[in-house]
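For reference, the structure discussed in these notes is given below.
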Protein chains: 2
Amino acid sequence: MRKTYAQTIPAEWQQYSQLFAALGDLERQRILLTFEPGETLNVTDLTRASSLSRPTVSHHLKLLCEAGVLEREKRGREVHFRLRADALIERLQTVIDYLGEHR
Amino acid sequence: MRKTYAQTIPAEWQQYSQLFAALGDLERQRILLTFEPGETLNVTDLTRASSLSRPTVSHHLKLLCEAGVLEREKRGREVHFRLRADALIERLQTVIDYLGEHR
DNA sequence: TTCTCATGTCGAAAAATATCGACTATTTTG
DNA sequence: CAAAATAGTCGATATTTTTCGACATGAGAA
């Protein structure tokens, strides 16, 4: 039994906690599933495809960006979001590798 | 843009939402990291290795079991938990595969 | 510049989740 | 059987998260 992690968790792992928390919400999952492969969507698009208000969608987009799931790019007065599929795959693979080594 | 998921999400995906939500909590992450490879721990063990009360640890263990991350086995008056590493790897791999196909 | 559109932010309210002590059930020990 | 050990449940409280309307900002259009 490891007692090391009872109080503190390495920063590297906290990043994954943040990632999983971001993915573990149904509304955010809905937002992510709205993206077609390689597609770019702005806040208005995503709000229309949702049942939530714009500030709320904006809030979820912020969390998804901070977790590294989405990429944010400003174009004129619009802000476009894109799914960071490659980065996401890489990070999930890291977790799988860890589990495989400590199985 | 897919509008299909705006309201409803397939049951198959909700299961992943539950999984990620379970993994996306620092206290639960601490609990999971306490397990050494293949190790089996009971509630008392895990409570001692934690800063939380026993009912709270019990609560987190319940969520982790419901999400399929831990396995629960009753032995006499003790209840032992084991990390379902294989199942976890398999499910994360499914997500990776989906992302790869829709990249 | 003035107007409109696209977003972000802020504060408050609502909803969900986490936390704990007290109590209960069950099993083993003396 | 009585006592101790192990763990689940319940109800109340605390904390966190979600949600929205109102306001602020900044960029393009008229």
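Note that the structure is a prediction, hence the values are computed from the model and not measured. Side-chain atoms are counted along with the backbone in the values below, which use heavy atoms only and exclude waters and symmetry mates. In the text below, chain A, chain B and the rest are named by the order of the sequence lines, each starting its count at 1.
For B:Arg77, there are no salt bridge (charged side-chain N to carboxylate O under 4.0 Å, His left out) partners at least two apart in sequence or on another chain. Taking the salt bridge (charged side-chain N to carboxylate O under 4.0 Å, His left out) definition, one finds that B:Glu27 meets it with B:Arg30, sequence neighbours left out.
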Which atom pairs, donor and acceptor, lie under 3.5 Å between side-chain atoms of residues 53-60 of chain A and protein residues at least two apart or in another chain?
residue : atom : partner : partner atom : Å
A:Ser53 : OG   : A:Thr56 : N            : 3.4
A:Ser53 : OG   : A:Thr56 : OG1          : 3.0
A:His60 : ND1  : A:Arg28 : NH1          : 3.1

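Ring geometry for B:His102 against B:Tyr98 counts as parallel: the plane angle stays under 30°, on a 0 to 90° scale with 60° as the upper cut.
Checking side-chain atoms of B:Arg2 against main-chain N and O of A:Phe35 turns up a donor-acceptor pair under 3.5 Å. One N or O on the side chain of A:Thr94 and one on the backbone of A:Glu90 form a donor-acceptor pair closer than 3.5 Å. In this structure a side-chain-to-backbone donor-acceptor pair under 3.5 Å is missing from B:Glu71 to B:Phe81. At least one donor-acceptor pair under 3.5 Å links the side chain of B:Asp45 to the backbone N or O of B:Asn42.
If you check residues 67-77 of chain A against DNA chain D, the residues with a heavy atom closer than 4.0 Å are A:Gly76, A:Arg77, listed by number.
Protein chain B contacts DNA chain C over a range whose 5' and 3' limits, counting nucleotides with an atom under 4.0 angstrom from a non-hydrogen atom, are C:dA18 to C:dT29.
Atom CD of A:Glu78 is separated from atom P of D:dG28 by 10 Å (rounded to the nearest Å).
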Please list, pair by pair, any protein nitrogen or oxygen found under 3.5 Å from a nitrogen or oxygen in nucleotides 16-22 of chain D.
residue : atom : partner : partner atom : Å
D:dT18  : OP1  : A:Asp25 : OD2          : 3.3
D:dT18  : OP1  : A:Arg28 : NH1          : 3.1
D:dT18  : OP1  : A:Arg28 : NH2          : 3.1
D:dT19  : OP2  : A:His60 : NE2          : 2.5
D:dC20  : OP2  : A:Ser53 : N            : 2.8
D:dC20  : OP2  : A:Ser53 : OG           : 3.0
D:dC20  : OP2  : A:Thr56 : OG1          : 2.8

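Taking 4.5 Å as the limit, some side-chain heavy atom of A:Leu32 sits within range of a side-chain heavy atom of A:Leu23. For the pair A:Thr44 and A:Arg48, the minimum side-chain heavy-atom distance is below 4.5 Å.
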